[in-house]
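To keep things clear, I will list the structure first and then write my remarks on it.
The structure presented is a predicted model; accordingly, all values stated were derived computationally and were not measured. Reminder, nothing fancy here: chain letters follow the sequence lines and each chain counts from 1.
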There are 2 protein chains.
Amino acid sequence: MRADAQRNYDRLVAAARSAFAEQGADAALDDIAQRAGVGNATLYRHFPTRQALLEAVFRDHIDALCHRAGELTAAPSPGAALKEWLGEVIAYGSAERGLAAALGEDGSSCRAAVFEAAQGLLTRAQEAGEVRREVSVGQVFKLVNAVALVTETEPDPAGQAAGLLDLVFHGLAA
Amino acid sequence: MRADAQRNYDRLVAAARSAFAEQGADAALDDIAQRAGVGNATLYRHFPTRQALLEAVFRDHIDALCHRAGELTAAPSPGAALKEWLGEVIAYGSAERGLAAALGEDGSSCRAAVFEAAQGLLTRAQEAGEVRREVSVGQVFKLVNAVALVTETEPDPAGQAAGLLDLVFHGLAA
DNA sequence: ACCTGAACACCGTTCAAGT
DNA sequence: ACCTGAACACCGTTCAAGT
């Protein structure tokens, strides 16, 4: 990749990160290009879809979450580990508006990575008899994602999300 | 209200109903006006916000849900009654895309009516010891609304929603 | 190769002009 | 009063022209 292309790429991601944080996942793309000091078409060259841009912005977070899932797989209580991890997923989601959108979309590569990480924690919690057998990762994730989506526009998103997650998790328990 | 104004109002609601059903809650307003055979500005005269139009379209459903809540208050098992009712809320939501959007918005008058109806069922279920005391109507509704939102774009929304509602309801249980 | 601004299409919103 | 189409502003997407 040419040096100027790399520079533009980085600027776009940085501009998008702050735009998404301020205005949500539907921030205007032209605005993002302008903040980055770049022509709008350049944004499209690098990121053919808004989804691609969202994924680039949140890739670090996603990676961190996946890594964290690996750590928690070794935790003593599998049920508590799952709950802890879901809480962190939501915390990221409400801290940085738009993450939920990035994860919710179907084709997303982020989604695949996070799903895989979640599967490990879920299976372990189920084998320990702490979570109901018939629950699927897809269901867990839909609920968690739903909680993040519904709370992100509310006042005190973290507090609201925590309360709802308590209920959701109680629902998962065996 | 003048006769032609009334006629236009009705046409707009009918056109909006089918447009929302086909294209979701973000159907183009110009398109709706055109289907109704009415100038686009007339739509704004009658419905200053998209929210107002959504509420007009779903008012019948909302009224039916509120009425149903009244009936279920007399049902033998308060817990089952609440679950039954939440299931019907979601069924409306996934049958007619956009209802969830109509209910999710904060200022919505629909929201107030439905909240009140839900409060009766919830309180009764709590007093019967079937639902956890610390759960609020707001929380129940956020979860149910979240389930409707997350499932409405999936294949088999009704089935998915039913599975998630099972989990959610299990989480509410005392 | 990569970048750019302009052009186009689309949609929401407002307004001056009509009846 | 109420309705209308046109005008405007905004945003996403594409393209011909530049380096």
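- Between the side chain of B:R50 and the backbone N or O of B:L29, no donor-acceptor pair lies under 3.5 Å.
- Taking the side chain to side chain donor-acceptor pair (under 3.5 Å) definition, one finds that A:Q160 meets it with B:K142, sequence neighbours left out.
- Annotation: side chain to side chain donor-acceptor pair (under 3.5 Å) contacts of B:D4 (sequence neighbours excluded): B:R2.
- Between A:H46 and C:dC2 there is no side-chain polar atom (N or O) within less than 4.0 angstrom of OP1 or OP2.
- Residues forming a side chain to side chain donor-acceptor pair (under 3.5 Å) with B:T49 (at least two apart in sequence, or on another chain): none.
- If you take CD1 of B:I32 and P of C:dC10, they are 17 Å apart, rounded to a whole angstrom.
- Stem analysis of DNA chain C (Watson-Crick or G-U pairs, both distances under 3.5 Å, runs of at least three) returns C:4-8 with D:12-16, C:12-16 with D:4-8.
- Between B:R45 atom CZ and D:dA1 atom C1' the separation is 7 Å, expressed in whole Å.
- B:E22 and B:S18 are not linked by any side-chain donor-acceptor pair at a separation below 3.5 angstrom, with hydrogens and angles left out of the test.
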For nucleotides 12-19 of chain C, 5' to 3', base contacts (B), sugar-phosphate-only contacts (S) and non-contacts (-) with protein non-hydrogen atoms under 4.0 Å give SBBB----
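- For the residue pair A:Q34 / A:D30, no side-chain donor-acceptor distance below 3.5 Å is found, with atom types taken as modelled.
- The line from CG of B:D166 to CZ of A:R132 is 7.0 Å long, rounded to the nearest 0.5 Å.
- The shortest distance between the side-chain N/O atoms of A:N8 and the OP1/OP2 oxygens of C:dC2 is not below 4.0 Å.
- Rounded to an integer number of Å, the gap from A:Y9 OH to C:dC3 C1' is 17 Å.
- Distance CG (A:L43) to P (C:dC2): 16 Å, rounded to an integer number of Å.
- When the side chain to side chain donor-acceptor pair (under 3.5 Å) test is applied to B:E71, the partners found at least two apart in sequence or on another chain are B:H67, B:R68.
- Look at CD on B:Q34: it is 14 Å from C1' on D:dT4, rounded to the nearest Å.
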